[in-house]
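Taking it in order: structure first as structure tokens, then the write-up.
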Amino acid sequence: MFRRTLFRSAIAAIAFTLCAGTAFAQTPVRIRIQTAVPSASIYFELLKRMGDRVDKMSAGRVKMEMLPDGAIVSAFEILDAVDKGVVEGGYAWTHYWSGKNPAAGLFSNPMAGAGVGLDQLSHIAWIFEGGGYDLYRKLYKDILKVNVEPIFVQPMGPDPLGWFKRPINSTDDFKKMKYRAPPGITGEIFKEMGVSAVALPGGEIVPAAQRGVIDAAEWIGPADDMNLGLQTVWKHYYLQGLHQSTDIGEILINKTVWDKLSPDLQEIIRTAAMASMTETYTYNVYRNAQAIVKLRNDFKVEIHDTPKDFFPQFVNATNVVLDRYAQKDAFFKQVLDSQRNFAKTVVPYWTKILDLYSNLGNAALAAQPPK
């Protein structure tokens, strides 16, 4: 009797251990992503889609929770919060960390295409085919020395020049206004041109406009700008901007959290990020086009072309500022040289391809509609 009781107890103990081990193995890893965008942003929606994709691909082993701007920390505090483990992850753009190292801005949005004409797609090509990703990881590991795993997720450019209190016919008109610009080097380029630029988080733009603190502002693009409510304060919109002619959002994951993930889970997150890159491209084209129609028809917004004299002035100011930083910082020079060398090969070819699509679109618009 004693032996039978002991045997049954042993079996029960083993069964309990196996069940407990299985339950522990299935406990999902929870990653809170503190974002730099409000919940109304189309990019917040795309981030939630990525989180859902990770959940399904991992069979529930990884759960990502997307948090709107300011939920735990403010936008410009995200990197430090992820580094210290205040949150497991964050979403912003590398130029938000330009105050820590000026080269940071070259990764998310090389201004005016690094001064040599990289557009959104050729910038992405540099990242994945031209050595950009290796330099991107070096930025965080060796230069900023933070405990994060960086992953690009959303190509969202080009950003419009933005919203204006009144029309501008020249860059001189622009210089008479106080303008919300992105932080870091981009703001310095505007100042080099003589534009009075100030950096503000997205959530503060509309209140500042309503109070008359600023006269003009850029944010992200037509759909996101409309969600932010910029059309409620200003009615003049300039679509062509050079300050973020290419722009890529990133997810940062605390490296300690990342290293505890199994290799398959790490690859699932990377693959979901790549899927988000493609999804963002297609989403941007349609949603922004829809937004332009709505802004014109429902909100009576006037869509303007940016004054022609703006482009050479901005490119010239960009190269002055970039060269100035390259002389001071070896890593900045390394990244900038990499982009410029890549552009020497890619931009001549890719510009001709872009001419094809521009000519095609203009020809189609000029043609009589089929009967």
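Keep in mind that this is a model prediction, so the values were computed, not measured. For the numbers below, each heavy atom of this structure counts, side chains included, while hydrogens, waters and symmetry mates do not.
In terms of modelled atom types and a separation under 3.5 Å, the side chain of Lys145 and the main chain of Asp142 share a donor-acceptor contact. Remark: the backbone N or O of Ala40 is paired with a side-chain donor or acceptor of Asn227 at under 3.5 angstrom. Within the 3.5 Å criterion, the main-chain N or O of Leu79 finds no donor-acceptor partner in the side chain of Asp83. Between the side chain of Thr318 and the main chain of Met111, no donor-acceptor pair closer than 3.5 Å is present. Listed for the Thr246 side chain is no donor-acceptor partner under 3.5 Å among the backbone atoms of Asn109. Under the 3.5 Å distance criterion, the side-chain polar atoms of Thr186 are left unmatched by any main-chain donor or acceptor of Pro182. Side chain of Gln266 to backbone of Trp258: a donor-acceptor contact under 3.5 angstrom is found.
A ring-centre distance under 6.0 Å is not found for His304 and Tyr237. Centroid-to-centroid, the aromatic rings of Phe107 and Phe152 stay 6.0 Å apart or farther. For an aromatic pair to be called close, the ring centres must be under 6.0 Å apart, and Tyr91 with Trp93 satisfies this.
Taking CD1 of Ile33 as the start and CD1 of Ile251 as the end, the distance is 5.0 Å to the nearest 0.5 Å. To the nearest 0.5 angstrom, Arg49 atom CZ is 4.5 Å from Glu279 atom CD. From Trp126, atom CH2 reaches atom OH of Tyr133 across 11.5 Å, with rounding to the nearest 0.5 Å. Here the straight-line distance linking atom CG of Leu47 with atom OG of Ser276 works out to 6.5 Å at 0.5 Å rounding. Interatomic distance, CZ of Phe332 versus CD1 of Ile143, reported as 13.0 Å (0.5 Å rounding). Taking CZ of Phe311 as the reference point, atom OG1 of Thr171 lies at 9.0 Å (rounded to 0.5 Å).
The pair Glu302-Lys235 does not count as a salt bridge, with every side-chain nitrogen at least 4.0 angstrom from each carboxylate oxygen. Electrostatic pairing of Arg61 and Asp264 counts as a salt bridge here, judged by a charged N lying under 4.0 Å from a carboxylate O. With respect to the salt-bridge test (charged N to carboxylate O, under 4.0 angstrom), the residues Glu149 and Lys141 do not qualify. With respect to the salt-bridge test (charged N to carboxylate O, under 4.0 angstrom), the residues Glu45 and Lys48 do not qualify. Using a 4.0 Å cut-off between charged nitrogen and carboxylate oxygen, Arg340 and Asp323 count as a salt-bridge pair.
Around NZ of Lys175, the count of heavy atoms belonging to other residues, nucleotides or ligands within 6.0 Å exceeds 12. The environment of Arg270 atom CZ is dense: over 12 non-hydrogen atoms of other residues, nucleotides or ligands sit within 6.0 angstrom. Atom NZ of Lys333 is surrounded by 12 or fewer heavy atoms from other residues, nucleotides or ligands within 6.0 Å. Summarising the local packing, CD of Gln210 is surrounded by more than 12 heavy atoms from other residues, nucleotides or ligands at distances under 6.0 Å.
In this structure, the side chains of Glu250 and Val153 stay at 4.5 Å or more apart for every pair of heavy atoms. Annotation: side chain of Thr351 is not in contact with side chain of Ile353 (no heavy-atom distance under 4.5 Å). Annotation: side chain of Trp163 is not in contact with side chain of Trp219 (no heavy-atom distance under 4.5 Å). Within the 4.5 Å cutoff, the side chain of Met177 has no heavy atoms near those of the Ser196 side chain.
Of the candidates Phe190, Tyr238, Trp234, Tyr179 forms a ring pair (Phe, Tyr, Trp, His ring centres under 6.0 Å) with just one, namely Phe190.
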Original post:
Stepwise, does the salt bridge (Lys or Arg N to Asp or Glu O under 4.0 Å) test hold for Arg180 with Glu218?
Top reply: CA-CA 6 Å; Arg180 183 274 174 190; Glu218 67 81 52; 2.3 Å; yes
